[in-house]
Amino acid sequence: MNIFNNHIRLYITAGLLFALLTYFTVIMPAFQNQYTNLPLPGTKPLSGDAKAGKLIYISEGCVGCHSQQVRNVEMDKIFGSRPGMAADYANIGRTSIWQNTATLMGTERTGPDLTDVGNRQASKDWNLMHLYQPRSVVKQSIMPSYKWLFEMKANPSKTDVVVSMPAEFLNGKAGKLVAKKEALQLVAYILSLKQTPLPTGTIPQEFLYKKAVGDIPNAKFGDKKVDGKALYEANCVACHQANGEGLKGAFPPLKGSPVVTGENLELYIDIIMNGYDARADYGVMAAVGTNMNFTEFDVAAIINYERNSWGNKGKEVTPEEIKKIMDFIKIKVSAEN
């Protein structure tokens with residue numbers, strides 16, 4: 001059959017070949033992925049506010065500077081508890097009929113990866129401050145401010161969310177800084193970004209579990225080394241700052257803090273593991289230790305670092321005494337709930 005002398009036969013043959021190739025290279029792999037890459041157990045769908053926040057995240061161009069993929073390389077271990085896998089994205093559908101924008105994995109990291117930011121930085125107050133003026137919480141940040149997501153009100157209503165922004169970043173504006181609905185929705189999406197734990201017994205690449213690092217003061221427990229400074233920088237420095245002085249009007253200082261240098265170790269550990277919301281003049285602290293699955297070694301390393309930094313002088317602790325208090329706190333929290 002000489003199809004090249006008959007344009008109708010040529011077009012039909014070319015069309016059939018194109019359809020066949022499309023099936024084998026696009027459609028069939030898509031169906032295979034759909035049936036073999038199911039969402040991990042415990043994966044939670046986005047709430048209504050988080051879905052709306054995702055659209056704002058897209059429209060504001062956040063995906064241009066932030067990725068959502070933890071790679072199997074050493075430098076990515078601060079962004080998640082394990083490398084990403086296909087199952088992490090299996091429950092993400094199309095944004096709409098006309099928009100595919102399902103996963104927002106990104107291609108550039110001008111800013112940090114956000115795969116697990118809902119656990120890593122779970123403070124709603126911090127994220128609102130960061131949106132209004134990034135330099136208020138991260139001095140070196142080059143992220144633009146999104147001030148149009150907020151408004152100043154002389155008399156906020158009971159339903160308004162007032163942001164604890166230090167006066168120096170308000171440029172002399174009178175009134176209270178209030179988050180608009182769009183800001184709250186965007187933060188809802190950001191806080192929903194949490195890496196789902198793997199089922200018990202499933203082990204990903206081992207490198208992310210290696211916490212042994214070089215020697216630093218107060219970091220060695222027997223033959224085990226845990227970097228308290230690195231843990232502090234990864235989980236605490238955004239609010240309490242590298243100098244331990246916190247942010248006036250937003251987050252309390254650890255430098256000279258009686259909680260840090262005092263004898264009430266139970267309170268200290270409870271704050272690290274379960275957060276704190278007992279002072280109206282400061283933002284709510286998230287349950288960092290619980291969210292990040294801190295062990296007694298991690299907590300001991302952080303406490304020893306904080307107790308011996310910025311001029312603080314406090315008694316060093318051991319993982320053994322931390323473990324006893326952590327177990328007691330778990331029992332107490334379970335009884336209260």
Side-chain angles (χ1 to χ4, degrees), residues 66 78-80 111-143 145-146 150 161-170 177 179 183-184 186-188 190-191 193-194 227-262 267-294 298-299 301-312 314:
H66 295 282
I78 63 173
F79 296 131
D113 182 89
L114 301 182
T115 298
D116 198 40
V117 71
N119 284 322
R120 195 169 70 242
Q121 186 47 268
S123 169
K124 181 179 178 181
D125 295 293
W126 187 94
N127 280 287
L128 288 171
M129 290 177 63
H130 188 242
L131 281 178
Y132 181 79
Q133 177 48 269
R135 264 68 63 193
S136 68
V137 288
V138 182
K139 291 182 179 179
Q140 300 82 9
S141 177
I142 60 172
M143 173 177 154
S145 60
Y146 293 86
F150 301 82
V161 176
V162 178
V163 183
S164 302
M165 179 61 65
E168 62 184 290
F169 297 103
L170 295 177
L177 183 66
L184 298 174
L186 179 52
V187 169
I190 292 171
L191 294 181
L193 299 175
K194 298 180 180 180
D227 192 335
K229 181 180 180 181
L231 286 170
Y232 177 85
E233 290 176 347
N235 300 282
C236 315
V237 75
C239 294
H240 297 294
Q241 303 298 294
N243 58 11
E245 295 179 0
L247 289 170
K248 188 176 181 180
F251 304 110
L254 301 183
K255 179 180 179 180
S257 168
V259 174
V260 173
T261 59
L267 172 62
Y268 197 175
I269 297 171
D270 191 27
I271 291 174
I272 293 174
M273 297 303 297
N274 300 314
Y276 199 59
D277 185 21
R279 297 183 64 176
D281 49 333
Y282 289 117
V284 178
M285 175 174 167
V288 176
T290 299
N291 292 337
M292 301 305 295
N293 296 315
F294 280 175
D298 298 327
V299 176
I302 286 179
I303 288 178
N304 286 338
Y305 173 73
E306 293 177 352
R307 281 188 164 184
N308 292 277
S309 300
W310 321 300
N312 287 346

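This is a predicted model, so every value here is computed, not measured. The analysis underlying the following values was restricted to heavy atoms, covering all of them including side chains, and did not include hydrogens, waters or symmetry mates.
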From Leu184 CG over to Asn127 CG, what is the distance, rounded to the nearest 0.5 angstrom? 11.5 Å
Please report the shortest heavy-atom distance between Ser257 and Pro253, naming the atom on each side. CB-O, 3.6 Å
Thr115 and Asp113 side chains, donor-acceptor separation under 3.5 Å: yes
Tell me, do Val162 and Leu177 make a side-chain contact under 4.5 Å, heavy atoms counted? no
Within the structure provided, determine whether Ser309 and Lys229 are in side-chain contact (heavy-atom separation under 4.5 Å). no
Roughly how far, to the nearest 0.5 Å, is the NE2 atom of His130 from the CG atom of Leu128? 11.5 Å
Begin from the C-alpha positions of Val237 and Val138 and carry the test side chain to side chain contact (heavy atoms under 4.5 Å, CB included) through to its verdict. CA-CA 9 Å; Val237 75; Val138 182; over 6 Å; no
What is the minimum heavy-atom distance between Gly262 and Arg307, and which atoms define it? O-NH2, 2.8 Å
Atom pair CG/NZ of Asn243 and Lys255 - distance to nearest 0.5 Å: 7.0 Å
Decide yes or no for Ser145 and Tyr132: does some side-chain heavy atom of the first lie under 4.5 Å from some side-chain heavy atom of the second? no
Would Tyr232 and Trp310 count as a close aromatic pair, with their ring centres under 6.0 Å? yes
Treating Gln241 as the side-chain partner and Ala238 as the backbone partner, does any N or O pair qualify as donor plus acceptor under 3.5 Å? yes
Run the numbers on Val163 and Asp125 for side chain to side chain contact (heavy atoms under 4.5 Å, CB included), then give the verdict. CA-CA 7 Å; Val163 183; Asp125 295 293; over 6 Å; no
With a 3.5 Å distance limit and no angle check, can you tell me whether Ser136 reaches the backbone of Gln133 through a side-chain donor-acceptor pair? yes
Heavy atoms only: give me the nearest Phe294-Asn235 pair and the separation to one decimal. CZ-ND2, 3.7 Å
Where do Met285 and Ile271 come nearest, in terms of heavy atoms and distance? CE-O, 3.4 Å
May I ask you to decide if Asn308's main-chain N or O and Asn312's side chain share a donor-acceptor pair within less than 3.5 Å? no
Nearest atoms (heavy-atom pairs only) where Met143 meets Ser141: N-OG, 3.2 Å
Report the distance from atom CZ of Phe251 to atom OG of Ser123, rounding to the nearest 0.5 Å. 4.5 Å
Side-chain heavy-atom pair Phe150, Leu131 within 4.5 angstrom cut-off: yes
As a quick check of understanding, evaluate side chain to side chain contact (heavy atoms under 4.5 Å, CB included) for Ile303 and Ile272, giving each step before the final call. CA-CA 9 Å; Ile303 288 178; Ile272 293 174; 3.8 Å; yes
Which atoms form the tightest heavy-atom contact between Val260 and Leu254, and what is the distance? CG2-O, 3.8 Å
Separation between CG (Asn291) and CZ (Arg120), nearest 0.5 Å, reads 12.0 Å
Starting at CG of Leu170, measure out to CE of Met165 and round the result to the nearest 0.5 Å. 6.5 Å
